[in-house]
K.L.:
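Structure in structure tokens, see below.
In this chain, residues are counted from 1 in sequence order. Values reported hereafter were calculated over all heavy atoms of this structure, with side chains retained and with hydrogens, waters and symmetry mates removed.
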Amino acid sequence: MMTFDSILGWLVSVVGIATGAAYIPQATRIWKRRSSDDVSIVTYALFLGGQLVYLVYGIRIQQWPLIIGMAANIAGSLAVIGSALRFRGR
């Protein structure tokens, strides 16, 4: 039988991956339109900064659910930032 903590750990990983996937529509939209003029890179950079802090914290306390979730979010943020920089001002 699963304990509350193991269920919660699993849920944190799933939610982290899902929120990381939430960046995909924005990155896809930038690539399809070949424009990122209406995207705030500063906003995504601030998200990225917070995600990096949480990732380091997860590593420090050795919590895999947090590490997995933040890694997914960082990948999403980098996808949007990279796409936005690629198509900025075109």
K.L.:
Give me the atom names and distance for the closest heavy-atom approach of Gly16 to Ala72.
P.N.:
O-CB, 3.7 Å
K.L.:
Counting only N and O atoms by type, is there a donor-acceptor contact under 3.5 Å from the side chain of Ser6 to the main-chain atoms of Met2?
P.N.:
no
K.L.:
Has Arg88 got a side-chain atom pairing as donor or acceptor with Ser36's backbone, closer than 3.5 angstrom?
P.N.:
yes
K.L.:
As an exercise, state the distance from CG of Leu66 to CD1 of Ile59, rounded to the nearest 0.5 Å.
P.N.:
9.0 Å
K.L.:
Got a second to check how far Ile17's CD1 is from Ile68's CD1, nearest 0.5 Å?
P.N.:
6.0 Å
K.L.:
For Ile7 and Phe4: C-alpha separation, side-chain torsions, deciding distance, then whether side-chain contact (heavy atoms from CB on, under 4.5 Å) applies.
P.N.:
CA-CA 5 Å; Ile7 293 170; Phe4 176 76; 5.6 Å; no
K.L.:
Which heavy atom of Val39 sits nearest a heavy atom of Tyr44, and at what distance?
P.N.:
CG1-CE1, 3.8 Å
K.L.:
Search all heavy atoms of Ala84 against all heavy atoms of Ile41 and return the closest pair with its distance.
P.N.:
CB-CG1, 3.7 Å
K.L.:
Nearest 0.5 angstrom please: Phe47 CZ to Leu52 CG, how far?
P.N.:
13.5 Å
K.L.:
Consider only side-chain heavy atoms of I, L, V, M, F, W and Y, link residues closer than 4.5 Å, and tell whether Trp31 and Leu85 are in one cluster.
P.N.:
yes
K.L.:
Hey, mind stepping through Arg29 and Asp38 against side-chain contact (heavy atoms from CB on, under 4.5 Å) and telling me if it holds?
P.N.:
CA-CA 11 Å; Arg29 183 171 189 256; Asp38 57 344; 3.0 Å; yes
K.L.:
Side-chain donor-acceptor pairs under 3.5 Å in residues 75-82, sequence neighbours left out?
P.N.:
from, atom 1, to, atom 2, distance (Å)
Ser77, OG, Gln51, OE1, 2.8
Ser77, OG, Gln51, NE2, 3.3
Ser77, OG, Asn73, O, 3.3

K.L.:
Between NZ of Lys32 and OG of Ser83, what distance do you get to the nearest 0.5 Å?
P.N.:
13.0 Å
K.L.:
So, for Phe87 and Ile30, which heavy atoms are closest and what is the spacing to 0.1 Å?
P.N.:
CD1-CG2, 3.7 Å
K.L.:
Are side-chain heavy atoms of Tyr57 and Met70 found at a separation under 4.5 Å?
P.N.:
no
K.L.:
Can you tell me how far OG of Ser35 sits from CZ of Arg86, rounded to the nearest 0.5 angstrom?
P.N.:
13.0 Å
